[in-house]
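All remarks here apply to the structure that follows.
None of the values given here were measured: they were computed from a predicted structure. Both backbone and side-chain heavy atoms feed into the values below; hydrogens, waters and symmetry mates do not. In what follows, every chain begins at residue 1, and chains take the letters A, B, ... in the order their sequences are listed.
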Protein chains: 2
Amino acid sequence: MNSFTEENYLKAIFKLSKHKEEVSTNAVADELNTKASSVTDMIKKLADKKLVNYAPYKGVNLTDAGRKIAVSVIRKHRLWEVFLVDKLKFKWDEVHDLAEELEHINSEELTERLEEFLEFPKYDPHGDPIPDKNGNIDRHKEQTLADLSINETGIIVGVKDHSKSYLNYLDNVGLVLGAEVQILGVVEFDNSMSISINKQGKTIISNQASKNLYIKKPN
Amino acid sequence: MNSFTEENYLKAIFKLSKHKEEVSTNAVADELNTKASSVTDMIKKLADKKLVNYAPYKGVNLTDAGRKIAVSVIRKHRLWEVFLVDKLKFKWDEVHDLAEELEHINSEELTERLEEFLEFPKYDPHGDPIPDKNGNIDRHKEQTLADLSINETGIIVGVKDHSKSYLNYLDNVGLVLGAEVQILGVVEFDNSMSISINKQGKTIISNQASKNLYIKKPN
DNA sequence: TAATATTTTTAGACTTATCTAAATTTATTT
DNA sequence: AAATAAATTTAGATAAGTCTAAAAATATTA
Ligand SMILES: [Mn+2]
Ligand SMILES: [Mn+2]
Ligand SMILES: [Mn+2]
Ligand SMILES: [Mn+2]
């Protein structure tokens, strides 16, 4: 068995691996709000357990065994978020911290029954794909609202930033999953956008806001 | 905030307090499968936090603050057990260990929404009363099946022993919550009983089995 | 009541995870 | 290629929780 802490390190390394093959000590320290020296210690332990490949000064990456654990923790995190939002009526900006704890309860039986109870959801409340029990994940489409040009339209399918403040802001302006957004104009100076939401009105959003919204082009 | 470990000690002391005002170091050690020396250490810490009253060699008991925490952990434990059985279709002998973990997730909001989602259950799957959010608990009726005499009838309302093997056995013979039991005979030698369950057939059960079943007399 | 047994506490050690400060290695500038 | 800067690792401490073995206190029994 692995401790909560070990699971959190594996999850952090997994997340950071999307951007770079080799993950640096400092990147992990930042992600987990801890110190580089603590990261070095933990990485050595994970390397002893063959959950990461590690060469001093060269960074880490996950072994297959490590990746399997990371994905299973992510699977549980996202399933619990669906439970909290769909069944307990939490809002999408309230569930992350609770899921951060629930994700460490290790019981295949529990996870599978929860998944069934939730009717096999494919995405969590933030639009992130839920890995299946074999560890397969839908690759996330990387197109954001900021990538669209004038007059183009997109459907919101996910958020990149999961912070309470961002999610709250999105709620307030109506930028929720499934909303249809059309670009009315882009300010060249700061890339802020003027948009319509579900063909309604005109809203100005910053580049900071638009580049954190995943969209898909409508069919 | 208190650690999982502290919460487990408080819960253990609460449970043992039902039988004796002052709880002994060894009793706690037994309950938690640990050593007396570890218990002494932890009790000192809990005393520093004013969660228990402690006099060396004299035993411990909970302060109001300590009791409040213990009851809130028990409340969460029992609510999660209801969730696991009612919603996820676990059997009553499968839920204890999972609830042991879930009970430590501290969020009033979560607990209250869960309780609402479950439609404010009064009892857990083993017939134990669920404390309300103010910490009030129904006093458990202390009458067991072993207390009945020939021809008397009782409805099963709870189990004292929560072990997998006992619960499993009860399932197999049909001694589940709500079952109506009538005493057909008692063997004086070992107090084993011959009973009918829901007016059906004749089953022999040991004193060990009958004294762990809580019953109420029918109206 | 004195001897013995039991219970409880203390002493000292170990593990996990963390930190600060110092040393080392790698990267970037001049 | 030195010198300087940045990143990373090591050294040494600390805190939580646990354990074994020994000491101290309490309870039992003769
Ligand atoms: Mn989340
Ligand atoms: Mn999410
Ligand atoms: Mn239980
Ligand atoms: Mn129970």
(request) Go through the structure and list residues passing side chain to side chain donor-acceptor pair (under 3.5 Å) with Asp161(A), not counting sequence neighbours. (result) Ser163(A)
(request) With sequence neighbours left out, write down each residue that passes side chain to side chain donor-acceptor pair (under 3.5 Å) with Asp64(B), or none if nothing qualifies. (result) Arg67(B)
(message) Under 4.0 Å, heavy atom to any atom of DNA chain C: which of residues 34-41 of chain A qualify?
(response) Thr34(A), Lys35(A), Ser37(A), Ser38(A), Asp41(A)
(request) Give, ordered by number, those residues of residues 3-33 of chain B having at least one heavy-atom distance below 4.0 Å to an atom of DNA chain D; if nothing qualifies, reply none. (result) Ser3(B), Thr5(B), Tyr9(B)
(message) For dT10(C) and Lys44(B) - does any side-chain N or O of the residue sit under 4.0 Å from the phosphate oxygens OP1/OP2?
(response) yes
(message) Using a strict threshold of under 4.0 Å (side-chain N to carboxylate O), is an ion pair present between Glu115(A) and Arg75(A)?
(response) yes
(message) Could you work out, with side chain to side chain donor-acceptor pair (under 3.5 Å) as the rule, every residue matching Ser3(A), not counting sequence neighbours?
(response) Glu6(A)
(message) Once salt bridge (Lys or Arg N to Asp or Glu O under 4.0 Å) is applied, do any residues pair with Glu112(B), and if so which ones, sequence neighbours excluded?
(response) Lys133(B)
(request) Return the set of residues passing side chain to side chain donor-acceptor pair (under 3.5 Å) with Trp80(A) (not counting sequence neighbours), or none when no residue passes. (result) none
(message) Glu103(A): which residues meet the salt bridge (Lys or Arg N to Asp or Glu O under 4.0 Å) condition with it, sequence neighbours left out?
(response) Lys11(A)
(message) Rounded to whole Å, how long is the line connecting atom CE of Met42(A) with atom P of dC19(C)?
(response) 11 Å
(request) Go through the structure and list residues passing salt bridge (Lys or Arg N to Asp or Glu O under 4.0 Å) with Glu7(A), not counting sequence neighbours. (result) none
(request) Just jot down the salt bridge (Lys or Arg N to Asp or Glu O under 4.0 Å) partners of Glu109(A), sequence neighbours excluded, or say none. (result) Arg113(A)
Using a cutoff of under 3.5 Å, can you pull out all pairs of nitrogen or oxygen atoms linking the protein to nucleotides 22-25 of chain C, with atom names and distances?
unit_1, atom_1, unit_2, atom_2, d
dT24(C), O2, Tyr57(A), OH, 3.4
dT25(C), O4', Tyr57(A), OH, 3.3

(message) Rounded to whole Å, how long is the line connecting atom NZ of Lys58(B) with atom C1' of dA27(D)?
(response) 11 Å
(request) Please list all pairs passing the salt bridge (Lys or Arg N to Asp or Glu O under 4.0 Å) test where one or both residues lie in residues 17-38 of chain A, with sequence neighbours left out. (result) Lys15(A)-Glu31(A)
